[in-house]
S.K.: 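Below is a structure I'd like to ask you about.
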Amino acid sequence: MTAAVTAGAVRARRAPARPGLWAAALFLGLVVLAALAPGLFTDGSAVDGDPAAALTPPGADHVFGTDANGRDVFTRIVHGARPSLLVGLGATALAVAGGTVLGLVAALGGRWLDELVMRLVDVVLSLPSLLLALVVLVVAGPGTLNSVCAVGVAAVPVYARLVRVRAMVVRGSGYVEAATALGLPRAVVVVRHVLPNVLAPLLVLATIEVGTALVAVASLGFLGFGPQPPAPEWGAMLAAGRDYTAVAWWVAVFPGLAITLTVLSITVVGRALRRRGEGRDV
Amino acid sequence: MSGPLVEVAGLSVAFDATRAVREVSFAVHPGECVAIVGESGSGKSVTARSLIGLAGEGAAVRAAALRVDGRDARAFGDRQWRAVRGARIGFVLQDALVSLDPLRPVGREIAEALRLHRTVPRTEVGARVVELLRDVGVPEPELRARQRPHELSGGLRQRALIASAIACRPALLIADEPTTALDVTVQAQILDLLAARKRDGMALLLISHDLGVVARIADRVLVMKDGRIVEEGPAERVLTRPEHPYTAMLREAADPRPARPAVRIGAPVVWARGLVKAYGARRAADDVSFELREGETLGVVGESGSGKTTLGRLVLGLLRPDEGEVLIEGRPWRDMSARERRAVRRRVQVVYQDPLGSFDPRFDVRRILEEAIAVSGLPRPARRDRAVELLEQVGLDAGLLDRRPARLSGGQRQRVAIARALATRPKVIVCDEPVSALDVSVQAQVLDLLARLRAELGLSYLFISHHLGVVRQVSDRVAVLKDGRIVEVGDVEQVFTAPRTDYTRRLLAAIPRLPEQQGGDHGTHHDGGRVRSADHG
């Protein structure tokens, strides 16, 4: 996660070919649509299966085949869009919110608070984030909400660091000094000038993070800590399909593709957004 | 070689729809210094860059002729351009700090040019680097060659950059605003260095907005405006008897003329007593005391690092002094509660050098002004009218309300910054280098505006600038700052005509002077740095 963020922040690569961006946006649109209204794509059930049709290969009846319980893989992927996306968005929102509060406190709260918060953040940052998420889940128990919290909390330190640095830059900027010189109260300066200018570039970065969070939650699902069966979550589906890779590749491959393509699309769109954001920001 | 080093005819450069350079023709001969003068956006830099094939990304370059060393450069590919750059034509940019690689010792930067063009045998590169640094007047060259750019002062950095540009003994050196980022005393040294290179036979193409710099070393001057050359001729003639109205205007604007309204000077409004502010071992303010009276303009001059900006921030109450105190209308910042301090801030406003940086990038002009107006407690419906009134006061149209500062010109931005400062109806405005980022013609307008507002509103200015000419124009009294200390303070004409300290004398002597208009005598005499002050009226 850290690597993805820093690499993204340091390098500003040229725009990819526009067709790629459009394809990504289109795919993302379909995923979002599936999350909002799965009924548009399929009218089957995601949890009830026909045991007689277990492990049917992809064909006319089942486009992506069926799993060991005879459930249609395509239907489950469509219904899995909502929990997977929610989990990604939720975890990112939690990470950004927590990181913003900690980062601002560290940057604006004086040297003593800064030291305290940042040393704490460093300790958390020194642990691999997925491992940290696992620890949280072991303590709190598995489940959708818990895995969102776990992934979100694990990503907080990265945002706290980013927000702190941005806030320090913004705090030292001419417009913050000008606002102070006008006689505005400190709280007003922070809310009106510091916060928006810290968050604007950060939110674009967070879009990319949604993809990373999605993978993290899928990984937790794969390890059995995420949303519990029979809920159609992509990571859990991938994990369930692992046992059948030799005889029924489709059970694992299609959820895996869904994850990969969604993350890829989010990243591509996020990068495009960031490039636009930078053009205005600088 | 007897022909011109570089010859250009009908050069045009366009970026998409904007035509930056239009039908420009000129030539540079060996051993001469040609200066291109113009304001920002005149196309002078783009013209210079076209000569080394670096007009910029997306530039469409057309020319009837573009000859380097007598060869047609229009057909040059990347490889041929690279053979020209550094070897035949050297290039020096304005800001050495960004032009030098921050992670590499400057000696290696210079060595790279030598190795690239295989000017000297590999084994002699190190010795040649030291020799070059010595040539450009860098003391202790062996030591300096091993240091990285941030360890060098601005003047030394610029020297190192020039050393790397002349490493391969190019026939022509292009210097784009080579001294703009430097203090006057350092600027004088760099100009002497360039003049010495010229005497050794190197041709120089100097790009500058500063007529004083140009007057000092140029043989011929080209004046550019909106991408065209509007006037050209021998430097002496162009600077003393300009023919084109634009040149005359530039010449006029470069001449300091007083912008001091006749106002009544009242009781002190700002009173600084024994101010000390230290950053580590360095004292940015060292026992500074002064007073600023009602209606008065106190100029503060000094070189970079002398503590000018620190002084401004102490007066604004944005910085707490280690010792001493600042009193605003009789009350010290120190004794005020947070609420009182906010109320007093309305009385003491500020205008910065970089107006763009002092505006929240998300705000348009309306929000910028209305935020400041709201501070003075005006109800929301009345704020827009007041914003329009403020814009009129600084000579701007109400139509600009919906623009973002990024889409305004430099002069317009500074006017908006002044309007914002006026919004709270202050008594005192701290002007921190308010015109240093502006073109000379715009500078004059902004100074006039400040003078008019001062007369109309009875404002007091603390006018901070490194530009001595500007300070002389606007100030009633002037304080000379060096290493955080006021070394001299007094009536502005007295300080400028009869300085009492050596430091002030050195500062004044380093100002590049323009020859008198209509054929005055033009001479700058130097003998090893100690210069007797000439009395200039």
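The sequence lines fix the lettering, A, B, ..., with proteins before strands; numbering per chain opens at 1.
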S.K.: So A/L199 and A/R166, side-chain contact (heavy atoms from CB on, under 4.5 Å) or not? Walk me through it.
M.R.: CA-CA 9 Å; A/L199 286 188; A/R166 270 297 295 177; over 6 Å; no
S.K.: In plain terms, say whether B/E325 and B/R334 are close enough for a salt bridge, that is, a side-chain N and a carboxylate O under 4.0 Å apart.
M.R.: yes
S.K.: With only heavy atoms counted, which part of B/F359 is less than 4.5 Å from chain A, the side chain, the backbone, both or neither?
M.R.: backbone
S.K.: What part of B/V344 is in contact with chain A, defined as an atom under 4.5 angstrom from a non-hydrogen atom: side chain, backbone, both or neither?
M.R.: neither
S.K.: Verify whether one side chain among A/E177 and A/T180 offers a donor that lies under 3.5 Å from an acceptor in the other.
M.R.: no
S.K.: If you apply the rule side-chain contact (heavy atoms from CB on, under 4.5 Å), what do you find for B/K308 with B/E433, and how did you get there?
M.R.: CA-CA 10 Å; B/K308 303 188 297 288; B/E433 303 272 7; 3.5 Å; yes
S.K.: Counting only non-hydrogen atoms closer than 4.5 Å, does B/R420 touch chain A with its backbone (N, CA, C, O), its side chain (CB onward), both, or neither?
M.R.: both
